[in-house]
Amino acid sequence: MPSDPFITETMRRRIQEELEAVEHNHDVRILLAVESGSRAWRFPSQDSDYDVRFVYIHNMDTYLSIEPFREVIERPIDGALDINGWDLRKALRMVVHSNAVLFEWLCSPERYRETKMAERLRSLAHESCFLPALIYHYDRMARHAFEEIVASDSISFKTYCYALRPALALLWIRGHRKPPPMDLPTLLSRDIVAHEVHETIMDLLERKAVTTEQSSTPRIETLDTFIANVLMEKANRFELSDRAPVLSKANALFASLLRGGC
């Protein structure tokens with residue numbers, strides 16, 4: 001099997017050790033663990049860190065207690081590794097609200113841990129997706145990064161990618177009416193941009209791959225025009241549709257998993 005160009009085997013082994021330590025130290029079971037940053041987005045720089053995110057479940061007694069408990073586990077950032085996760089109950093609430101961050105975890109191309117529960121959570125998220133929530137999220141992301149671009153003549157490769165990925169996600173949702181993939185190459189695989197834009201993006205990714213996170217480039221007119229055109233269609237704030245049916249399904253899934261249906 002060819003080596004993964006985005007995740008080294010040494011780091012993959014270390015990540016597995018860290019996940020096992022989380023389970024042991026916090027008495028939880030990790031149901032899903034993925035890469036969530038630039039390595040999963042497929043545009044890392046030479047010094048990009050590893051952003052590992054996971055969903056975990058406690059034993060039933062924890063959930064039956066009247067005492068509140070923290071629903072996030074965070075490991076200290078150690079060099080190139082940033083690792084933290086959400087309790088399943090929190091993750092299911094994010095499904096009910098069509099949270100874009102959780103959607104990306106669920107569709108990450110880099111998975112360190114995967115159980116049957118992950119597919120059930122993924123299926124519920126997709127079948128109950130409220131697209132305006134995703135559209136608003138990616139619109140905000142793209143606009144924030146693009147504001148940084150137009151405010152300077154020298155732009156980090158990272159900032160350009162942080163504007164391009166959500167802009168492409170917006171085009172994907174508009175064209176396909178479904179949640180977008182997480183990584184840049186898949187977003188570009190359906191010919192959703194003109195050839196010149198596609199080639200310019202690919203050139204940007206090649207240049208970024210051999211630089212550091214702080215490396216920069218002069219403004220790129222082709223990309224500036226592309227992003228600006230995408231953002232001409234503004235996303236408005238939204239109100240969630242009736243989520244009672246989704247909440248009911250999320251509660252049923254949670255109960256099933258607690259009873260051992262993972």
Is I83 close to F54 at the side-chain level, that is, under 4.5 Å between some pair of heavy atoms?
yes

Mark yes when over 12 heavy atoms from residues, nucleotides or ligands other than E127 sit less than 6.0 Å from its CD; otherwise mark no.
yes

L188 vs M202 side-chain heavy atoms within contact, under 4.5 Å:
yes

Are side-chain heavy atoms of D87 and Y63 found at a separation under 4.5 Å?
yes

Backbone N or O of L231 within a donor-acceptor pair of the R143 side chain at under 3.5 Å?
yes

Is there a donor-acceptor pair closer than 3.5 Å between any side-chain N or O of S152 and the backbone N or O of I155?
no

Flag, side chain of D139 to backbone of I135, donor-acceptor distance under 3.5 Å:
no

Centroid separation H26 to Y56 less than 6.0 Å:
no

Do S248 and N251 have a side chain donor and acceptor closer than 3.5 Å?
no

Is the closest side-chain donor-acceptor distance between T186 and S189 under 3.5 Å?
no

Nearest-0.5 Å distance, CD1 of residue I201 to CD of residue E196:
11.0 Å

Would you call S215 and T212 a side-chain contact if the rule is heavy atoms closer than 4.5 Å?
yes

Is it true that S98 and R243 share a donor-acceptor pair across their side chains at a distance under 3.5 Å?
yes

Cation-pi between R39 and Y50: NZ/CZ under 6.0 Å from ring centre and within 45° of the ring axis?
yes

Between E119 and K116, does any NZ, NE, NH1 or NH2 come within less than 4.0 Å of an OD or OE carboxylate oxygen?
no

Distance in Å, I173 CD1 paired with L168 CG, rounded so as to fall on 0.5 Å steps
11.5 Å

Is it true that the side chains of T115 and R29 contain a donor and an acceptor less than 3.5 Å apart?
no

Nearest-0.5 Å distance that lies between atom SG in C107 and atom CG in D183:
8.0 Å

Which heavy atom of R140 sits nearest a heavy atom of A235, and at what distance?
NH2-O, 4.4 Å

Take D203 and E199 through the side chain to side chain contact (heavy atoms under 4.5 Å, CB included) test and state the conclusion after the steps.
CA-CA 6 Å; D203 177 69; E199 292 300 305; over 6 Å; no

Value for CG (L204) from OG1 (T222), rounded to nearest 0.5 Å, stands at 11.5 Å

Nearest heavy-atom neighbours spanning S128 and V95:
OG-CG1, 4.0 Å

Same cluster (ILVMFWY, side-chain, under 4.5 Å), Y136 and L102:
no

Heavy-atom distance under 4.5 Å between the side chains of R165 and L187, does that happen here?
yes

With the threshold set at 4.0 Å, does a side-chain nitrogen-carboxylate oxygen contact exist between E9 and R12?
yes

Value for CG (L88) from NZ (K90), rounded to nearest 0.5 Å, stands at 12.5 Å

Quick one: which of E23, E20, E18 gives a salt bridge (Lys or Arg N to Asp or Glu O under 4.0 Å) with R113?
E23

Give a yes or no on this: more than 12 heavy atoms of other residues, nucleotides or ligands lie within 6.0 Å of atom CG of D153.
no

Testing the basics here: between S36 and M182, what is the closest heavy-atom pair and its distance to 0.1 Å?
O-CE, 3.2 Å

Between A21 and R75, the two heavy atoms sitting closest are CB-NH2, 3.8 Å

Please answer: with hydrophobic residues joined when any side-chain heavy atoms are less than 4.5 Å apart, are M94 and M141 in the same cluster?
no

Do S48 and E213 have a side chain donor and acceptor closer than 3.5 Å?
yes

N-O pairing of E233 and R174 below 4.0 Å
yes

Kindly determine whether S45 and F157 satisfy side chain to side chain contact (heavy atoms under 4.5 Å, CB included), including the steps that lead there.
CA-CA 9 Å; S45 302; F157 289 100; 5.7 Å; no

Output yes when a side-chain donor or acceptor of Y112 lies under 3.5 Å from a complementary backbone atom of Q16, and no otherwise.
no

Looking at side-chain heavy atoms only, is the closest gap between Y162 and F43 below 4.5 Å?
yes

In this structure, CZ of R122 is separated from CG of L124 (nearest 0.5 Å) by 12.0 Å

Applying the 4.5 Å side-chain criterion to the ILVMFWY set and letting contacts propagate, would Y160 and I192 be lumped into a single cluster?
yes

Does NE2 belonging to H144 count more than 12 external heavy atoms closer than 6.0 Å?
no

Can you tell me if S108 uses its side chain to pair, donor with acceptor, with the backbone of E35 under 3.5 Å?
yes

Between W86 and W105, how do the two ring planes meet: parallel, tilted or perpendicular, split at 30° and 60°?
tilted

Backbone N/O of T225 and side chain of N229: donor-acceptor pair under 3.5 Å:
yes

Between H97 and F130, does the ring centre distance come in under 6.0 Å?
no

Check whether any side-chain heavy atom of L131 sits under 4.5 Å from a side-chain heavy atom of L134, and report yes or no.
yes

Strictly distance-based, threshold 3.5 Å: is any side-chain N or O of S123 a donor or acceptor partner for the main-chain N or O of R120?
no

Transitively linked via ILVMFWY side-chain contacts under 4.5 Å: L205 with I220?
yes

Return yes if some donor-acceptor pair links the side-chain N/O of D61 with the main-chain N/O of L64 below 3.5 Å, else return no.
no

Looking at every heavy atom in both L106 and A118, which two are closest together, and how far apart are they?
CD2-O, 4.4 Å

Would you say K249 has more than 12 foreign heavy atoms packed within less than 6.0 Å of its NZ?
no

Taking a hydrophobic cluster as the set of Ile, Leu, Val, Met, Phe, Trp and Tyr residues connected by side-chain heavy atoms closer than 4.5 Å, whether directly or through intermediates, do V96 and L92 fall within one such cluster?
no

Please test N84 against R53 for side chain to side chain contact (heavy atoms under 4.5 Å, CB included), starting from the C-alpha separation and ending with a verdict.
CA-CA 5 Å; N84 60 73; R53 301 293 180 264; 3.4 Å; yes

Could you walk me through whether H58 and E71 pass the side chain to side chain contact (heavy atoms under 4.5 Å, CB included) check?
CA-CA 10 Å; H58 284 280; E71 294 182 315; over 6 Å; no

Student check: side-chain heavy atoms of K208 and C161 closer than 4.5 Å
yes

Please name the pair of heavy atoms, one in W41 and one in P185, separated by the smallest distance, quoted to 0.1 Å.
O-CD, 4.0 Å

